[in-house]
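Residue numbers count from 1 along this sequence.
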Amino acid sequence: MSVKSGSETAVVDVDPYATAPSVTIETFDWQASPDGLATRRQLRALGLRPGGHDPVAQLRCRACRTKPARTCTRMAYLYRIDLALPVRPMTLAKEAALDRAMAKRSTCPQCRRRFHHCLPLRTIGSCLECHDGTPADPTSYTAPPARHDLAA
C-alpha cells in the first residue's frame, strides 16, 4: 500500500491477516495507560462520552499483564479525555422507550406479572411459578393490570 504525502510516495507495510485495531492503535498493559486516556466506563463516570471519536489505544486485561505472548481477548479501548463530549441528558421519550424494553424482559407472558428482575424468557419462556409451580415472592413483582369488561 502506498500513501502520497506531498510529492513523495511513502510505502506502508500492512498485514492483511491481522485484526485492524491491533495494527492501527497502540496497546498498553493493565494499569499502564498514560494520562489523558480513559475507557468508556471511566468516561461515563466523569460524565463524558467518546463523542464519535475512534479509540486511540487499547488496554490489555489483567490476566494478560504477566503473559506478554498471550493474545488478549478482552481488550478495552482507550479514548482521549480532551476530545470527549458531555453525556446527552435522558429525555422522557428515551426513558419511556427503555421502560418498555425492560417491561418486555421482565413481564411473564402467561400470568402478565411484571417482576423486578429479568426473566429467563429464552430458555424457560415464563416465570418460575408458571413454568414449574415454584411460588414467587409477592414482593418481587407487581400485579398485572386489572382487566375489566365494562362497555366504557
Quiz prompt | Same apolar cluster: Met75 and Phe28, side chain cutoff 4.5 Å | solution = no
Practice problem: Tell me, please, which residues at least two apart from Phe115 pass ring pair (Phe, Tyr, Trp, His ring centres under 6.0 Å). | Solution: His117, Tyr141
Practice problem: Give the intermediate values and the outcome of side chain to side chain donor-acceptor pair (under 3.5 Å) for residues Thr134 and Glu129. | Solution: CA-CA 5 Å; Thr134 304; Glu129 189 166 351; over 6 Å; no
Quiz item: Is Leu59 linked to Leu37 within one hydrophobic cluster, defined over Ile, Leu, Val, Met, Phe, Trp and Tyr using a side-chain heavy-atom separation of less than 4.5 Å?
Solution: yes
Quiz item: Excluding sequence neighbours, so at least two apart, what forms side chain to side chain donor-acceptor pair (under 3.5 Å) with Asp99?
Solution: Arg114
Quiz item: Are Arg60 and Thr27 close enough that some pair of their side-chain heavy atoms sits under 4.5 Å apart?
Solution: yes
Quiz item: For His116, which residues count as a ring pair (Phe, Tyr, Trp, His ring centres under 6.0 Å) partner, sequence neighbours excluded?
Solution: none
Self-check item: Lys104, NZ atom: more than 12 neighbouring heavy atoms under 6.0 Å
Solution: no
Quiz item: Which residues pass the side chain to side chain donor-acceptor pair (under 3.5 Å) test with Gln110, sequence neighbours left out?
Solution: none
Exercise. Not counting sequence neighbours, which residues clear side chain to side chain contact (heavy atoms under 4.5 Å, CB included) with Asp137? List them please.
Key: Thr139, Ser140
Quiz item: At their closest point, which heavy atom of Leu121 faces which heavy atom of Pro109, and how far apart are they?
Solution: CD2-CD, 3.8 Å
Practice problem: Only one of Thr39, Leu83, Leu85, Leu43 passes side chain to side chain contact (heavy atoms under 4.5 Å, CB included) with Pro50; say which it is. | Solution: Leu43
Exercise. List for me each residue that meets side chain to side chain donor-acceptor pair (under 3.5 Å) alongside Arg80, sequence neighbours excluded, and say none if there are none.
Key: Asp82
Exercise. Heavy atoms only: give me the nearest Met90-Glu95 pair and the separation to one decimal.
Key: SD-N, 3.7 Å
Exercise. Can you see which heavy atom on Val87 is nearest to which on Leu48, and at what distance?
Key: CG2-O, 3.4 Å
Quiz item: How far apart are the closest heavy atoms of Pro89 and Lys94, and which atoms are they?
Solution: O-NZ, 4.4 Å
Self-check item: Student check: side-chain heavy atoms of Arg113 and Thr142 closer than 4.5 Å
Solution: no
Self-check item: Residue pair Ser33 / Leu78: nearest heavy atoms and the distance that separates them
Solution: CB-CD1, 3.7 Å
Quiz prompt | Beyond-backbone contact of Arg44 with Arg49, side-chain heavy atoms, under 4.5 angstrom | solution = no
Quiz item: If we only count heavy atoms from C-beta on, is the Tyr79 to Arg40 side-chain gap below 4.5 Å?
Solution: yes
Quiz item: What's the spacing between Leu119 CG and Leu128 CG if we round to 0.5 Å?
Solution: 8.0 Å
Quiz item: Would you say Gln58 and Tyr77 make side-chain contact, with heavy atoms under 4.5 Å?
Solution: yes
Exercise. Check Cys127 against Cys108 and note the closest heavy-atom contact, atom names and distance.
Key: N-SG, 3.5 Å
